[in-house]
Amino acid sequence: MNRTHTNGELRLSDVGKEVKLVGWVAKKRKFRNILFVDLRDRYGITQVVFDEEILGSIPDLRNEYVLEVSGVVLKKEVANPKLKTGEIEVSIREFEILNTAKTTPFMIQDETDGLEDLRLEYRYLDLRRPIIQEKLIMRDRVTGIIRNFLHELNFIEVETPILGKSTPEGARDYLVPSRLYHGNFYALPQSPQIFKQLLMVGGLDRYFQVARCFRDEDLRADRQPEFTQIDIEMSFVEEKDIFEVVEKMMKKIFKDIKSIDLPKFKVIKYVDAMERYGSDKPDLRFGNELLDVSTIFKNTEFTIFKNVLENGGLIKALVFKDIADQLSKKDFEKLQNYVKKYGAKALAYLKYQDEISGSIAKVLSDNEKEELKAKLNIGNNDVVFMIADSYKVVSAALGALRVKLAKDFNLINQDSYEFAWIVDFPMYEYSEEEQRFVAAHHPFTSPKIEDIDKLIDDKANCYSRAYDLVLNGYELLSGSIRIHNQELQAKVFEALGLSLEEAKDKFGFFLEAFEYGAPPHGGVGIGLERLIMILSNTDNIKDVVAFPKTASASDLMSGAPNDVDIKQLKDLGIALITKEN
RNA sequence: GGUCCGGUAGUGUAGCGGUUAUCAUGCCUCCCUGUCACGGAGGAGAUCGUGGGUUCGAGUCCCAUCCGGACCGCCA
């Protein structure tokens, strides 16, 4: 069954050769005495010709039959420029049908008719589509580049446990019941965080892993319950050392995959990113920055603005140039509804045309409108959007609007890749729900040295050595310099509201490890799927996962999750709670 | 936990109170030596997601439920 060539391989220079090909029937075009078949495999498509004069008869082939064919390579009189192999065809002398196939539920081609749920149910057929294969092949290339790159820098790949210990902070764990210890559970790792730090304590110095991670949270178009993180940790480093490794690695990936030479990555402080873009993962492919216009309205008569300012809120503006004539009243209504999702009560807007119109044109003074115009450098046909609310709501709503409008008005260059390190994240964020400060990152993140004194008494102004790398509006990776000092770690646990007892119960082994000479260390976790999504120009994470789950975390193909035999539950000592009790 | 959108031949869709349930594609049969989105003729193919209700009459309206999708919350 040895093929001599793949279906993407034969060229004009192969004319005259005897070849053997294998593959699937992608398409057939039949006449009385001749049959053309597009034979497909992972490498491409080759047209093969079944000629009655040569074979005596024409076989009855259907789409997706699996064939082995032998024949001679001929030059085509009229080439097909759409195929790499379009200048030749193979005239069949012998063939064998290796397998037949039912009619597929959707067309096996890039432009398929099947919708996503159907394609997921028959993922093994969906995987035959070149457009899906390309993405998995790219994913393999990227992990290959990463492995080679890190190995050259003395990193070693270590596998850490999948069955671990549940820690109730953070994302919800996937739990695995223990058969030997009834009532006890393993947790699947949300990330190999503790283990990789212990590898540093263990003296491994430079570690990485292509790590599967699991989070039992609700999904999104860019989130799966299980995903892959390129997990990296280094000893005896500071931020700049880690940035250098990651930056070189990204440059290597973009050079090899996209033939792009990336410039040096920007560095933006978290507070500046929030101020300018309303987001800690800003899309830097376009401008349209947020501007604080509170001072213009400090003596305003407009009660809504006035009240917000009096209650400690602020007013920010977002300007989009030369679009006023393209937005109808209905469009503005849609945008007003859009920002409500983010908690904004309203979206104010002004259209600067021959006259100034818009939702708040009548309630603002001429002076205010002119001041806005001057401060925001507004020209004819520009639109100013404003939201007055708390800092958090203004940032979230106006930040999201900024991205939406840029997309709607095609202001984003799809071929550009704008990286930036976001640094100096706050140590805590305030949880409205719990009415207290909670950890903004995992509890092993080091505070800024100069902020150690603020850990307990001034949480609002305490910053950490955490950083993200953002790319085109996505958080590509997250990392930090870790705490390596037992006392500081204990202090941070305390600051986070973990009693010494709780801390010992949950992380005792970890704290103890720090008493035996833990080196300074830090690292990152890179979201592999997101990187591949960006590289392959898709906004759907399912496209870059071989067997993805739906938005409700089910596998339409296998039917997972499913109920299990009562005997299995008994072995585990588990009884199910039914709705009745 | 919440908001919104969708579910009609194999597939993608039209229909929005009375139709023989639309169109395209796929499928099957026949015709066609050069197609490469082949072409031509004909044919089969739909418990309109499921269960209730309103109505003389329900893909069509209402309620519930299941499934899929997007988003908010969530994702230390």
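To find a chain, count down the sequence lines: A is the first, B the second, and so on, and within it residues start at 1. Model, not experiment: these values are computed from the prediction.
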- Regarding the side chain of A:E116, the nearest nucleotide among B:G69, B:C72, B:A70 is B:G69
- Message: Please give the distance between the P atoms of B:A21 and B:U65 as a whole number of Å.
- Response: 32 Å
- Take atom C1' in B:G7 and the same atom in B:G49, then report the distance between them in whole Å. 6 Å
- Task: Nearest whole angstrom, please: distance from the P of B:C36 to the CD of A:Q47.
- Result: 10 Å
- Item | Strand partner of B:U11, provided both Watson-Crick or wobble distances fall under 3.5 Å | B:A24
- Compare the minimum distances between each of B:C71, B:U33, B:A76 and the side chain of A:E53, then state the nucleotide with the smallest one. B:U33
- Task: Could you tell me whether the side chain of A:R32 has a donor or acceptor atom within less than 3.5 Å of a complementary atom in the base of B:C30?
- Result: no
- Query: Looking at B:G34, B:G68, B:A76, which one has an atom nearest to any side-chain atom of A:Q190?
  - Reply: B:A76
- Message: If you only use heavy atoms from C-beta on, which nucleotide in B:U11, B:C36, B:C72 is closest to the side chain of A:Y342?
- Response: B:C72
- Would you classify A:L219 as touching base, sugar-phosphate or nothing, given that sugar-phosphate means primed atoms plus P, OP1 and OP2, and contacts are heavy atoms under 4.0 Å? nothing
- Message: Counting the atoms with a prime plus P, OP1 and OP2 as sugar-phosphate, which does A:L120 contact under 4.0 Å by heavy atoms, base, sugar-phosphate, or nothing?
- Response: nothing
- Going by atom types alone, do A:E487 and A:N485 pair a side-chain donor with an acceptor below 3.5 Å? no
- Query: Across the strands shown, which category fits A:L496 at heavy-atom distances under 4.0 angstrom: base, sugar-phosphate, nothing?
  - Reply: nothing
- Can you check B:G57 for me, syn or anti if syn means within 90° of 0? anti
- Hey, is the side chain of A:K27 poking within less than 4.0 Å of OP1 or OP2 on B:U35, counting only N and O atoms? no
- Message: When the P atoms of B:C62 and B:U22 are compared, how many Å lie between them, rounded to an integer?
- Response: 25 Å
- Query: When all nucleic acid strands are considered with a 4.0 Å heavy-atom cut-off, which category describes A:D117: base, sugar-phosphate, or nothing?
  - Reply: sugar-phosphate
- Could you check whether A:F31 and the base of B:U33 form a stacked pair, meaning centres closer than 5.5 Å and planes differing by less than 30°? no
- Task: Classify the nucleic acid contact of A:P105 as base, sugar-phosphate or nothing, counting any heavy atom under 4.0 Å across all strands shown.
- Result: sugar-phosphate
- Below 4.0 angstrom from OP1 or OP2 of B:C27, is there any side-chain N or O of A:N63? yes
- Task: Please determine, for the side chain of A:M107, which listed nucleotide (B:U25, B:G68, B:C71) has the closest atom?
- Result: B:U25
- Query: Does A:R220 place a side-chain N or O at less than 4.0 Å from the phosphate oxygens OP1/OP2 of B:C72?
  - Reply: yes
- Write down the distance between NZ (A:K407) and P (B:C71), rounded to a whole number of angstrom. 10 Å
- Item | Carboxylate-amine/guanidinium proximity below 4.0 Å for A:R482 and A:E233 | yes
- Message: Among B:G1, B:C38, B:C71, which nucleotide has an atom closest to any side-chain atom of A:R29?
- Response: B:C38
- Could you tell me whether the side chains of A:E64 and A:N99 share a donor-acceptor contact shorter than 3.5 Å? no
- Item | Euclidean distance for C1', B:C27 against B:G12 (whole angstrom) | 15 Å
- Note on the structure: Atom CG of A:L118 and atom P of B:G12 are separated, to the nearest Å, by 6 Å
- Message: Rounding to an integer number of Å, can you tell me how far A:D216 CG sits from B:A76 C1'?
- Response: 16 Å
- Task: Return yes if a side-chain donor-acceptor contact under 3.5 Å exists between A:Q209 and A:T160, otherwise no.
- Result: yes
- Message: Could you check whether the side chain of A:E52 and the base of B:U33 have a donor-acceptor pair of N or O atoms closer than 3.5 Å, going by distance alone?
- Response: no
- When the P atoms of B:G10 and B:C66 are considered, how many whole Å apart are they? 25 Å
- Task: Pick base, sugar-phosphate or nothing for A:K76, based on heavy-atom distances below 4.0 Å to the nucleic acid.
- Result: base
- Would the A:Y467 and A:F425 ring centres measure less than 6.0 Å apart? no
- Query: Across all strands, who's sitting opposite B:C30 as a Watson-Crick or G-U wobble pair, both distances under 3.5 Å?
  - Reply: B:G40
- Message: Given B:G69, B:G12, B:C75, identify the nucleotide with an atom nearest to the side chain of A:E217.
- Response: B:C75
- Message: Regarding A:E52 and A:R32, does a basic nitrogen lie under 4.0 Å from an acidic carboxylate oxygen?
- Response: no
- What does A:S552 touch in the nucleic acid at a heavy-atom separation under 4.0 angstrom: a base, only the sugar-phosphate, or nothing? sugar-phosphate
- Task: Provide, to the nearest angstrom, the distance between the CD atom belonging to A:E121 and the P atom belonging to B:G69.
- Result: 12 Å
- Item | Atom-pair distance (CG on A:D218; P on B:C75), nearest Å | 11 Å
- Query: Closer than 4.0 Å, any side-chain N/O of A:S554 to the OP1 or OP2 of B:G68?
  - Reply: yes
- Message: Looking at A:D126 and A:R123, is there a salt bridge between them, counting it only when a charged N and a carboxylate O are closer than 4.0 Å?
- Response: yes
- Side-chain heavy atoms of A:I387 within contact of A:L347, under 4.5 Å: yes
- Item | Span that lies between the P atom of B:C48 and that of B:C4, in whole angstrom | 27 Å
- Message: Tell me the interatomic distance from A:I54, atom CD1, to B:G34, atom P, rounded to whole angstroms.
- Response: 15 Å
- Task: Have a look at A:K30 and say if it touches a base, only the backbone sugar-phosphate, or nothing, with a 4.0 Å heavy-atom cut-off.
- Result: base
- Note on the structure: Taken to the nearest whole Å, CD1/A:I541 to P/B:A70 is 11 Å
- Is A:T103 near enough to B:G10 that one of its side-chain N or O atoms lies under 4.0 angstrom from OP1 or OP2? no
- Message: Assuming nearest nucleotide by heavy-atom distance, tell me which of A:G343 and A:F444 is located more 5' along RNA chain B.
- Response: A:G343
- Modelled atom types, side-chain donor and acceptor of A:N472 and A:D283, under 3.5 Å: no
- Message: Side chain of A:R223 only, heavy atoms from C-beta on: which candidate in B:C74, B:A76, B:G68 is closest?
- Response: B:C74
- Message: Here's a test of your reading of the structure: between A:D51 and A:V78, which maps to the more 5' nucleotide of RNA chain B?
- Response: A:D51
- Output yes when at least one side-chain N/O atom of A:K542 is less than 4.0 Å from OP1 or OP2 of B:A70, else no. yes
- Taking atom C1' in both B:C56 and B:A46, compute the distance separating them and give it to the nearest angstrom. 26 Å
- Query: So, are A:D468 and A:K281 salt-bridged, with charged N and O less than 4.0 Å apart?
  - Reply: no
- Note on the structure: Scanning all shown strands, the Watson-Crick or wobble mate of B:G57 with both distances under 3.5 Å is none
- Nucleotide paired to B:C48 in any strand shown, Watson-Crick or G-U, under 3.5 Å: none
- Message: Work out how far the C1' atom of B:C23 is from that of B:U13, and round it to whole angstrom.
- Response: 8 Å
